[in-house]
Amino acid sequence: MSSALTRRARTAGFHLVAGGLSVLWLLPIALVLLTSVRTFDDIAANGLGAVPRSATLAGFGQAWTDGGEARAMLNSLIVSVPTVLLSLALASAAAFALSRYRIPLRRAIILLMLAGNLLPPQILLVPVFKLTELMGFYDTLPADIVVQLGFGLGFYTFVLQGFMRSIPEEIQQAAVIDGASPTQIFVRIILPLARPALAALSALAFTWTFNDLLWAITVLRTESVMPVTPALLGLQGQFVSNWNVVAAGSVIAAIPTVAVFLRFQRHFISGLALGAVK
Amino acid sequence: MLLVFVLVPLAVEAFWVFWPALQGFYLALTDWDGVSAPRWVGLGNFAELFGDPIFRTSVLNTAIWLVLFGGVSAAGGLGLALLLLRERRGVGFYRAALFTPVVFSLVATALMWQVIYQPDGLANRLLGALGLTGWQHAWLANSSTALYAVLLPALWRQLGYVMVLYLAGLNGIDPVLYEAATLDGANRVQQFRNVTWPQLRSVNAVVLSVIVIDSLRSFDVVWAMTKGGPYHSSELLSTYMYATAFQSLRLGYASALAVVIFVLAFGVIVTYLVRAFREEAS
Amino acid sequence: MDNAVLSHWVTTEETRRALPDLARRAAPWLTRRRFLAGMGVAGSAAALAGCATSASSGPVTQSAGAISIQSNLSAPQAKASIEALAKGFSAQHGSPATVNTIASETFRTQLPSYLTSNQPPDLYTWYPGSLLNGYAKKGLLLDVDEAWQTMANYPAAFRTLSGDGAGKLIFVPTSYYWWGFFYRKSNFAKWGVTAPTSWSGLLELCRALQAKGVAPIGLGAGGNTPWVASSWFDYLNIRINGAQYHRQLLAGQSRFDDPRVAKVFEQWRTALPYFDQQGTALSFQEATTSLLQGRTGMMLIGTFFADAAPKDTIPDLDFFQFPVLDASVPLAEEGPTDGFFASSRTAHRADVLAWLKYVATAPAQELYIQNSSGTVLPTNPDARDSGTPLVAKGRAMLAAAKEVTQFFNRDSSDALQPTADAALVRFIQKPTELSSILTGWQAAAEKVFAS
């Protein structure tokens with residue numbers, strides 16, 4: 001009897017703590033939402049921190065059409081989806097080879113690939129800009145895809161090899177006995193086993209690529225190919241900004257990434273029945 | 001075949017990252033304004049660095065940042081992941097709530113945090129309501145509180161991300177090990193110390209490296225909220241580098257700063273990783 | 001993966017021992033030496049690819065066609081105005097003009113890469129000053145003398161402003177605005193005070209406002225807008241030491257720890273007690289709200305702040321001139337000017353010059369003002385402004401000035417502006433540390449001028 005009570009108390013306690021944290025966490029987001037439904041005149045007359053005295057959805061319409069956000073979201077998707085797919089494919093291949101096989105210098109290679117991410121990206125902007133001009137696709141979306149691919153590879157490889165390293169040897173060796181080639185082992189065994197890591201990394205990679213600002217403004221300069229984050233910046237004025245429109249635009253821009261996270265999160269969690277290996 | 005697995009990603013990274021990085025290192029030895037030809041100054045930039053009071057301030061601030069930001073995001077991320085590990089009703093919403101700051105546009109959220117930190121904003125009003133009027137400050141405008149004030153939104157954006165990494169790692173742990181531990185009579189804390197923590201070793205290597213990288217490269221939040229001000233009190237190495245590159249237009253000096261950041265990050269991570277690799281091999 | 005399949009891959013001791021051979025079997029020719037050699041080849045191939053510091057050169061083939069304008073006018077009204085201009089140009093001239101609007105900060109950081117790229121945009125919005133002179137010296141800007149041939153009615157001051165200091169004209173100004181102590185007429189009436197005409201009058205006004213519980217002088221030098229504090233420095237300097245000294249100082253020909261600069265701060269110190277306590281914690285947009293709500297009395301700000309005010313409050317706005325401190329100093333005002341410049345490597349020179357001639361005409365400037373918020377002045381003397389009493393007063397004030405300065409970062413450089421922000425905000429918060437502030441400022445400025 002008492003165990004059921006403690007269980008209920010524990011559940012209540014959990015929801016209290018987790019719920020409280022969530023509310024605290026979402027507070028600034030709630031403020032953004034509040035700002036997005038105010039009018040410009042309300043904000044100008046009463047300040048950003050004041051209790052709203054207006055309610056309108058005009059900000060969303062303005063961000064979507066006048067601000068060009070519709071096109072910017074499309075650009076972001078065109079860049080993010082291939083980037084995430086390609087980078088994770090390449091990174092998992094490299095991570096697989098580097099973590100499961102005794103390739104010479106493998107640890108040095110892992111560190112080298114990670115080192116690529118240790119340099120602040122701001123310093124790479126001008127050389128990368130010149131490189132994209134040289135390659136002939138400056139100011140096109142493929143440039144953004146390729147640059148983000150290159151810059152993310154080192155980090156994703158590093159993360160994935162960390163996860164793949166912890167997969168037990170026995171499973172792989174059993175496949176080797178059966179005569180499986182490395183590619184088959186990679187595709188049929190290691191990739192499925194690395195699903196939590198791949199799902200987590202996909203959600204993160206999608207978020208970063210979708211929200212990226214620095215590479216986009218470096219390799220793109222025409223308004224029509226700008227992805228969503230530079231476009232959001234463009235909603236601000238040179239001096240004065242319509243914060244309600246900026247807030248509305250931010251809410252719209254957050255939807256795809258939150259959706260991706262919600263969709264992918266059960267994969268971080270669906271562990272696999274490693275225990276079935278008996 | 002295996003070689004292709006490694007060489008293709010390596011080649012892509014070599015072209016788009018290593019080559020520009022080498023140019024960046026070269027630029028650290030020059031004086032360049034981004035437009036005319038660079039002028040060779042050898043180690044002149046580095047000599048200037050060591051005599052630069054703003055550089056010293058930013059190194060100190062970065063060290064503080066590394067400890068506070070790094071420490072709290074590691075411990076906090078792990079704690080949150082442990083809290084929200086088990087599948088139960090509502091946990092998906094909680095996880096999404098904690099991850100939302102990571103995905104939300106920085107422009108809008110930085111603005112809201114500035115509003116919260118305004119002298120008559122939420123933070124001070126809350127402190128006033130709790131009777132702590134002595135603690136009220138102009139958080140972002142006061143040179144002694146600016147750095148610590150920016151820490152909060154930075155953590156707010158980082159914890160969900162670290163939580164996700166730890167969630168994936170914790171889920172890679174064989175549940176059989178926990179069953180065995182429970183059978184042996186271990187309580188929660190003992191299970192954590194003897195099962196979870198050792199099993200997280202390779203994940204820890206990744207997460208801690210990530211945290212060091214992010215701490216040393218922390219730029220977006222600080223820049224958006226204070227631009228390193230007021231008068232350099234919240235200046236980090238990364239913001240100082242950006243200001244030098246894109247405000248003062250001294251790309252050679254900025255590259256030297258970037259090299260310093262790189263060396264610091266590399267030094268910290270390599271020592272840790274080499275040790276971790278060696279432990280694993282044995 | 002189902003359990004049956006998994007259990008099939010059960011390990012044996014033999015397999016565990018066979019694992020190290022796997023790498024060798026997969027790629028038997030992979031030895032350490034060959035691996036390193038492969039890396040070396042890949043590396044040098046990459047080394048032959050582009051170099052970051054190279055710039056393209058050589059003559060550009062000309063063609064007629066669409067011109068592109070890279071614009072930083074991202075506020076919705078300004079954007080609409082420049083697009084209206086582009087449409088007007090296309091209708092008149094025949095060839096299309098496309099406007100590319102980028103966020104202002106992005107525009108500023110990317111301007112060097114726009115100008116040095118292989119196919120630069122044809123035209124750019126911006127302001128004249130040392131930045132443009134620097135680019136002109138490197139041959140990146142188009143000589144627009146041909147456009148100036150049609151601008152004979154422009155006052156000489158604009159012509160001087162648009163030169164690169166070496167005789168070439170590189171800029172075409174299209175609008176300008178002014179700075180002043182703005183206040184709300186209804187609030188002043190409510191408090192029973194009037195606009196002052198002297199510094200002592202200003203201080204008296206501040207005391208009267210303070211007695212009413214209002215923070216007399218508003219400031220918005222917090223958040224992301226610390227640069228508004230520079231207007232105080234600029235105005236005090238041109239009032240006390242004159243515009244010529246001010247320009248010399250900002251060009252690096254004088255020192256910031258000079259006693260003449262200290263005099264500026266001593267004068268400023270007399271007004272400091274009346275500054276809004278929250279002045280360095282609010283952005284100027286929020287400070288505008290404070291002004292409109294009556295929490296502060298007045299603010300030294302440029303007319304662009306009117307964009308932050310609700311439409312119905314604009315008729316209630318008025319301003320007074322920064323008081324004259326020394327009648328012997330030639331009267332100077334701050335009148336920042338905006339306009340267009342072009343890349344020297346444009347492929348459509350004829351069309352670019354046609355655009356520049358077009359935007360310098362009175363009808364084009366009137367079209368621009370019609371679509372904008374109405375607080376800017378046209379540079380063409382024959383063009384009509386929006387006609388409100390406020391604008392007429394501003395135009396008269398600038399016309400009466402002997403010298404017009406541009407604002408700190410325009411007269412000096414964007415690189416020097418952060419040094420001013422740090423020094424001035426620190427002075428406002430800690431005025432007793434003046435001497436260390438000035439020595440620090442001089443040291444920081446020297447580094448900027450040296451590069």
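Order of the sequence lines fixes the chain letters, A, B, ..., with proteins taken first and strands second; residue numbering starts at 1 for each chain. Basis for what follows: all heavy atoms, side chains included, without hydrogens, waters or symmetry-related copies.
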Using heavy-atom distances under 4.5 Å, tell me whether [X] contacts chain A through its side chain, its backbone, both, or neither.
X        : result
B/Val115 : side chain
B/Leu80  : side chain
B/Phe266 : both
B/Leu264 : neither
B/Leu170 : neither
B/Tyr94  : both
B/Ala205 : backbone
B/Leu98  : both
B/Glu13  : both
B/Ser255 : both
B/Leu111 : side chain

Is there side-chain contact between [X] and [Y], with at least one heavy-atom pair below 4.5 Å?
X        : Y        : value
A/Leu124 : B/Gln23  : no
A/Phe14  : B/Val91  : yes
B/Pro20  : A/Leu131 : yes
B/Thr100 : A/Phe261 : no
B/Trp113 : A/Pro28  : yes
B/Trp16  : A/Leu153 : no

Which atoms of [X] are under 4.5 Å from chain B, going by heavy atoms: the side chain, the backbone, both sets, or neither?
X        : result
A/Val251 : both
A/Leu198 : neither
A/Met135 : side chain
A/Phe96  : side chain
A/Phe151 : both
A/Leu119 : both
A/Pro256 : neither
A/Leu48  : both
A/Ala115 : both
A/Leu233 : side chain
A/Thr35  : side chain

Against chain B, work out which of [options] has the most heavy-atom pairs shorter than 4.5 Å and name it.
options                               : answer
A/Thr257, A/Leu235, A/Ile110          : A/Thr257
A/Leu149, A/Ile29, A/Leu111, A/Val246 : A/Ile29
A/Val260, A/Val146, A/Ile167          : A/Val146

> Can you tell which of A/Leu232, A/Val228, A/Ile252 makes a side-chain contact (heavy atoms from CB on, under 4.5 Å) with B/Ser105?
Replying inline: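 So the option named by the test is A/Leu232.
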
> Rounded to the nearest 0.5 Å, how far does CG of A/Leu118 lie from CD1 of B/Ile261?
Replying inline: 11.0 Å

>> Looking at A/Asn117, is its backbone amide N or carbonyl O close enough to the side chain of B/Arg217 to form a donor-acceptor pair, meaning the two atoms are under 3.5 Å apart?
In response: yes

> Judged by atom type as modelled, is there a donor-acceptor pair below 3.5 Å linking the side chain of B/Trp156 to the main-chain atoms of A/Trp25?
Replying inline: yes

> Could you go step by step and tell me if B/Arg95 and A/Leu262 meet the side-chain contact (heavy atoms from CB on, under 4.5 Å) rule?
Replying inline: CA-CA 9 Å; B/Arg95 287 189 205 124; A/Leu262 282 173; over 6 Å; no

>> Working note: A/Leu114 + B/Ile213, criterion side-chain contact (heavy atoms from CB on, under 4.5 Å); need CA distance, chi angles, decisive distance, verdict.
In response: CA-CA 10 Å; A/Leu114 180 65; B/Ile213 295 177; 3.9 Å; yes

>> Working note: A/Phe155 + B/Val210, criterion side-chain contact (heavy atoms from CB on, under 4.5 Å); need CA distance, chi angles, decisive distance, verdict.
In response: CA-CA 9 Å; A/Phe155 180 69; B/Val210 160; 3.2 Å; yes

> Can you pull the side chain to side chain donor-acceptor pair (under 3.5 Å) pairs that have at least one residue in residues 198-211 of chain A, sequence neighbours excluded?
Replying inline: none

> In terms of heavy-atom pairs under 4.5 Å, which option from B/Ala245, B/Gly121, B/Pro101 contacts chain A the most?
Replying inline: B/Pro101

> Quick check: are there more than 12 heavy atoms from other residues, nucleotides or ligands sitting under 6.0 Å from CZ of A/Arg263?
Replying inline: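 Atom CZ in A/Arg263 is not crowded, with 12 or fewer foreign heavy atoms closer than 6.0 Å.
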
